[in-house]
Number of protein chains: 2
Amino acid sequence: MNQDNGAYSLIGYQLKRAQAALRSRMDDELRPLGLTTPQYSCLEALSHSPGASNSDLARAVFVTRQTMSALLHSLEARGLVERADRAPGGRAIPTSLTSEGQALLTEAARGSERIEQRMVATLTPSQMEALRSGLAACVEALVE
Amino acid sequence: MNQDNGAYSLIGYQLKRAQAALRSRMDDELRPLGLTTPQYSCLEALSHSPGASNSDLARAVFVTRQTMSALLHSLEARGLVERADRAPGGRAIPTSLTSEGQALLTEAARGSERIEQRMVATLTPSQMEALRSGLAACVEALVE
DNA sequence: GACAGTATGTCAGAATACTGACATGAACCA
DNA sequence: TGGTTCATGTCAGTATTCTGACATACTGTC
């Protein structure tokens, strides 16, 4: 109870608020394509890192390995990704996009970019950079 | 595929990354008290808005009414909050903190403030304000 | 080679959160 | 009064995500 205005002045609250709004808009945009935001993020990560393992993708999407494993099985059943039959070395099983997955990702990326641009529409380039670097500093301070 | 550096330059990605890191640290801090982050947020909202309804709290914590309803029943079963037997007018049933809930919240708030301060430790006041206003502008642009 | 430490994938179980649907009560307008 | 619209609380069902645990495979060091 430091202030009377509740938690609105806390960076953490604004962070959650912004993330919730973004997630909601992303879900709205992706729903017609049959994708959730984590599923889209997974396809996006696979596009940038072909052959990534389950654990790699979990870290990229900020979910646990178990969650990503279930998500990958779902995407595999829909023919959007492919996983190797066996690990080529170690235990990590590489995953890659199918052509169907690539096509769907391309379409979904358009909606995602639309949301991103809408989100930052009222910010100047220097304000955008300040926001980006501020968020990065927060992450830096939070990871031990 | 606008850049080679993946999604790291997107504000949306940084936003998710920062929120994930914050959520993780909050959960770590609150776990010894037997609280999750949404449960803590609910107690905090109740502290600032005594007598808030289930729907009020759902909006404050950014979950659905159904999720908040389950969360409230859990907190009520633990004796941390109280709900009126009947709606005093309309359908909204006011909820309030019990003394036990208030005590637990006070303790949890210390941990929460610790995390908040750690998160922004390396930011100057002007950088903090730039971050806050940047996030607010993003929210403003995303809510229709 | 033997060992500890680390990373990975997976299983099991529980908790969480969502969408869809319905009934109830209030506010508003014709 | 009658009607529509909106907000609220709740039920049911599904989907998501987590923690905990275990076996497996690499990477060091000795």
Side-chain angles (χ1 to χ4, degrees), chain A residues 16 19-32 34-42 45 49 51-78 81-95, chain B residues 16 19-43 45 49 51-78 81-95:
Chain A
K16 182 163 69 173
Q19 163 67 15
L22 174 60
R23 171 65 183 265
S24 182
R25 287 297 151 274
M26 284 287 287
D27 280 339
D28 290 346
E29 194 79 17
L30 295 172
R31 188 170 300 119
L35 287 176
T36 64
T37 300
Q39 286 171 339
Y40 165 72
S41 298
C42 176
S49 305
S53 72
N54 180 34
S55 291
D56 291 336
L57 294 170
R59 280 187 289 269
V61 179
F62 306 111
V63 295
T64 61
R65 285 171 297 165
Q66 295 87 332
T67 297
M68 179 53 67
S69 180
L71 198 159
L72 274 183
H73 280 114
S74 154
L75 293 179
E76 189 178 22
R78 290 170 61 185
V81 306
E82 278 176 340
R83 305 191 73 184
D85 292 350
R86 283 186 314 164
R91 296 204 71 198
I93 299 174
T95 309
Chain B
K16 182 162 69 173
Q19 162 67 13
L22 174 60
R23 170 66 183 263
S24 182
R25 288 298 151 272
M26 284 288 286
D27 280 339
D28 291 346
E29 195 79 16
L30 294 172
R31 189 170 298 119
L33 301 176
L35 287 175
T36 63
T37 300
Q39 286 171 339
Y40 165 72
S41 298
C42 176
L43 295 180
S49 305
S53 71
N54 180 34
S55 291
D56 290 336
L57 294 170
R59 281 186 289 268
V61 179
F62 305 109
V63 296
T64 61
R65 284 172 296 163
Q66 295 88 330
T67 297
M68 179 52 68
S69 181
L71 198 159
L72 275 183
H73 279 114
S74 153
L75 293 179
E76 190 178 21
R78 290 171 61 184
V81 306
E82 277 176 339
R83 306 191 72 184
D85 292 351
R86 283 186 315 163
R91 297 203 69 198
I93 299 174
T95 309

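Heavy-atom basis, side chains included; hydrogens, waters and symmetry copies ignored. A, B, ... follow the sequence lines: proteins, then strands. Residue 1 opens every chain.
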Quick one, B/T95 with B/S53, criterion side-chain contact (heavy atoms from CB on, under 4.5 Å). Give me CA distance, side-chain angles, the key distance, then yes/no. CA-CA 6 Å; B/T95 309; B/S53 71; over 6 Å; no

Given D/dT8, is OP1 or OP2 found less than 4.0 Å from the side-chain N or O atoms of B/R59? yes

Determine: side-chain N/O of B/R31 to OP1/OP2 of D/dT19, distance under 4.0 Å, yes or no.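 Yes, because at least one side-chain N or O of B/R31 sits under 4.0 Å from OP1 or OP2 of D/dT19.
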
Assign each of A/V63 and B/S55 to its nearest nucleotide of DNA chain D by heavy atoms, then name whichever residue's nucleotide is nearer the 5' end.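 Of the two residues, B/S55 wins.
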
Among the nucleotides D/dT8, D/dG9, D/dT16, whichever has the atom closest to the side chain of A/T36 is D/dT16

Specify the separation, in whole Å, of atom [atom1] of [X] and atom [atom2] of [N].
X: B/I93; N: D/dT8; atom1: CD1; atom2: P; answer: 12 Å
X: B/D27; N: D/dG20; atom1: CG; atom2: P; answer: 12 Å
X: B/L71; N: D/dG9; atom1: CG; atom2: P; answer: 14 Å
X: A/H73; N: D/dT16; atom1: NE2; atom2: P; answer: 14 Å
X: A/N54; N: D/dA25; atom1: CG; atom2: P; answer: 17 Å

B/L75 side, atom CG; B/M68 side, atom CE - distance, nearest 0.5 Å: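 The CG atom of B/L75 sits 8.5 Å away from the CE atom of B/M68.
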
Could you tell me the boundaries of the chain B footprint on DNA chain C, defined by atoms under 4.0 Å from its heavy atoms?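 Answer, 5' to 3': C/dT16 to C/dA26.
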
Relative to the 5' end of DNA chain C, which residue comes earlier, B/Q39 or A/D56, by the nucleotide with the nearest heavy atom? A/D56

Check B/C42 against B/L72 and note the closest heavy-atom contact, atom names and distance.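 Smallest interatomic distance, heavy atoms only, reads SG-CD2, 3.8 Å.
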
Give a yes-or-no answer on whether the side chains of A/T37 and B/K16 include a donor-acceptor pair shorter than 3.5 Å. no

Pairing donors with acceptors under 3.5 angstrom, does anything connect the side chains of B/S24 and B/D27?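 No, because no side-chain N or O of B/S24 sits under 3.5 Å from a partner of the opposite role on B/D27.
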
Do B/V81 and B/L43 pass the side-chain contact (heavy atoms from CB on, under 4.5 Å) test, and can you show the C-alpha distance, the side-chain angles, and the key distance before you say yes or no? CA-CA 8 Å; B/V81 306; B/L43 295 180; 3.9 Å; yes

Under-3.5 Å donor-acceptor pair between B/Q66 side chain and D/dG13 base: no

Look at all strands and tell whether A/T67 reaches a base, only sugar-phosphate, or nothing, counting heavy atoms closer than 4.0 Å.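 Base contact.
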
Check the pair A/R59 / A/R65 against side-chain contact (heavy atoms from CB on, under 4.5 Å), numbers first and verdict last. CA-CA 8 Å; A/R59 280 187 289 269; A/R65 285 171 297 165; over 6 Å; no

